[in-house]
Amino acid sequence: MRAIRQDVLGGPEVLRVVEVERPEPGPTEVLVRVRAAGVNPTDWKHRAHGGFLGRPPFTLGWDVSGVVEKVGVGVTLHKPGDEVFGMLRYPFGAGSHAEYVAAPSRTFVSKPSAIDHVQAGALPLAALTAWQALVDTADVREGRRVLIHAAAGGVGHLAVQIAKARGAHVIGTASEGKHAFLRGIGVDEPIDYRGVDFADVVEDVDVVLDTIGGDYGPRSLRVLRPGGTLVSLVLSRLDAMDATGVRAESLLVEPDHHALERIAALAGAGELRAEIDSVFPLEEAAKAHERGETGRVTGKIVLTV
């Protein structure tokens, strides 16, 4: 099978198409023929720096949408021919930027018939991150005020929709040119981070989702109500949290079959939709990484196979 592989760390040019042996599903695993796979910031960060994966060689990619080709012993959830989507185990299960992947059967859920493989391939990692941050960690529900940083980004725009589906009032930061998009997906108060300091114009927030890091975490503590929750997707320590009376957490996404079923239900009902920034064929993975690293992406980048 074809796969995108790298033997050294570096820029997009280190990615190359190679022929590798097709995996076989072990007990409780399924073999999925990949039709589409999302490209996330964690992909280009691992490509350049190794991250959790260490030194190459490796194949990147955690998002998968495709068709079950074969099932291993003990699998009852899926059968050959089923259309499924899911997230490979993060971070050490990478490998979806290839023609086939083998993974535990409960990694995947049925793809809603209402969405295509490009949509489904864009959702898993970013939507699960948003769900685990807002629902599992911060208990976002009706009436809560939620601030989402980089609200037009891959995780951010899905987090907006999940928060709105749960009845929250959503404030989102993005450049002014993206405010029409933000309003279209449900943001109640768009904020131009280039024009104002969000910490000067936002207050009494129950939940902040920080997808950026740097000084965004400490500044976000200032806008939270006592007892509020800051969830950071950047693994860093916030020393100020004890003094402010708020909760601060750093989150790393995990596979979650139940949450993915909830995400699939929202997508099937039209309440959750990935904005597709661009689509590239598998062999143009390097161009997809180049696009991602421009910092001007709205929504998600997807590879098709």
Side-chain angles (χ1 to χ4, degrees), residues 4 29-43 59-71 75 77-90 93-132 135 153-162 165 185 253-282 284-285 288 292 297-305:
I4 302 298
E29 291 186 335
V30 297
L31 177 70
V32 174
R33 184 182 182 92
V34 180
R35 295 290 179 82
V39 182
N40 298 285
T42 190
D43 289 298
T59 293
L60 295 169
W62 286 270
D63 286 330
V64 182
S65 183
V67 180
V68 175
E69 184 88 0
K70 190 175 180 180
V71 302
V75 173
L77 289 182
H78 309 296
K79 63 181 185 301
D82 286 350
E83 294 188 319
V84 297
F85 76 115
M87 185 190 78
L88 303 182
R89 185 171 68 92
Y90 188 84
S96 70
H97 295 168
E99 290 184 310
Y100 293 90
V101 293
S105 67
R106 293 175 188 271
T107 297
F108 304 101
V109 300
S110 296
K111 180 185 75 65
S113 60
I115 65 174
D116 61 18
H117 283 293
V118 170
Q119 265 292 314
L123 285 173
L125 186 148
L128 278 171
T129 300
W131 185 277
Q132 290 169 12
V135 181
V155 172
H157 84 293
L158 297 175
V160 167
Q161 296 172 69
I162 289 170
I185 61 172
V253 66
E254 304 174 61
D256 185 332
H257 185 82
H258 176 67
L260 196 59
E261 286 185 321
R262 303 281 294 278
I263 289 164
L266 287 175
E271 295 185 62
L272 180 65
R273 183 171 179 82
E275 174 73 9
I276 304 302
D277 177 272
S278 47
V279 179
F280 296 86
L282 179 69
E284 294 184 7
V297 172
T298 299
K300 291 296 301 288
I301 300 169
V302 179
L303 297 177
T304 54
V305 185

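The first residue of the sequence shown is numbered 1, and numbering continues consecutively from there. Since we're looking at a predicted model, the values are computed, not measured.
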Would you say the side chain of H257 lies within less than 4.5 Å of the side chain of V109, judging by non-hydrogen atoms? yes
Just how far is it from atom OG1 of T107 to atom CG of L77, taken to the nearest 0.5 Å? 10.5 Å
Spatial distance of atom OG1 (T42) from atom CG (L125) [nearest 0.5 Å]: 7.0 Å
Side-chain touch E99/V34, heavy atoms, less than 4.5 angstrom: no
How long is the span from the CD1 atom in I185 to the CD atom in E275, to the nearest 0.5 Å? 8.5 Å
Exercise: identify the closest heavy-atom pair between E254 and L128: O-CD1, 4.2 Å
Which is it for R35 and V305 under the side chain to side chain contact (heavy atoms under 4.5 Å, CB included) test, yes or no, and what are the steps along the way? CA-CA 5 Å; R35 295 290 179 82; V305 185; 5.9 Å; no
Between L282 and A98, what is the shortest heavy-atom contact and its length? CD1-N, 3.9 Å
Could you grab the distance from atom CG of L272 to atom CD1 of I263, nearest 0.5 Å is fine? 7.0 Å
Under 4.5 Å between any side-chain heavy atoms of L260 and M87, yes or no? no
Heavy-atom side-chain proximity of R89 to P255 below 4.5 angstrom: yes
Rounded to the nearest 0.5 Å, the NE2 atom of H97 sits from the CG atom of L60 at a distance of 7.0 Å
Sequence-distant partners of E271, side chain to side chain contact (heavy atoms under 4.5 Å, CB included), two or more places apart: A165, L266, A269
Give me the atom names and distance for the closest heavy-atom approach of S96 to V64. CB-CG2, 3.4 Å
Check whether Q161 reaches the backbone of R273 with its side chain - one donor and one acceptor, N or O, closer than 3.5 Å. yes
Is there a donor-acceptor contact under 3.5 Å from the side chain of D43 to the main chain of G61? yes
Distance-only, no hydrogens or angles: does the S278 side chain make a donor-acceptor pair with backbone N or O of I301 under 3.5 Å? no
With a 4.5 Å heavy-atom cut-off, do L123 and I115 have their side chains touching? yes
Locate the shortest heavy-atom distance separating H78 from S110; write the atom from each residue and the value. CE1-N, 4.5 Å
Taking the side chain from K300 and the backbone from A122, do they hold a donor-acceptor pair closer than 3.5 Å? yes
Looking at every non-hydrogen atom in both residues, tell me the closest pair between A288 and L303 and how far apart they are. CB-CD2, 3.8 Å
CD1-CG distance between I276 and D116, expressed to the nearest 0.5 angstrom: 8.0 Å
With sequence neighbours left out, what residues match W62 under ring pair (Phe, Tyr, Trp, His ring centres under 6.0 Å)? H46, Y90
Could you check whether any side-chain heavy atom of R262 comes within less than 4.5 Å of a side-chain heavy atom of V135, counting everything from C-beta outward? no
Scanning both residues in full, the closest heavy-atom pair of H157 with G299 reads CE1-CA, 3.6 Å
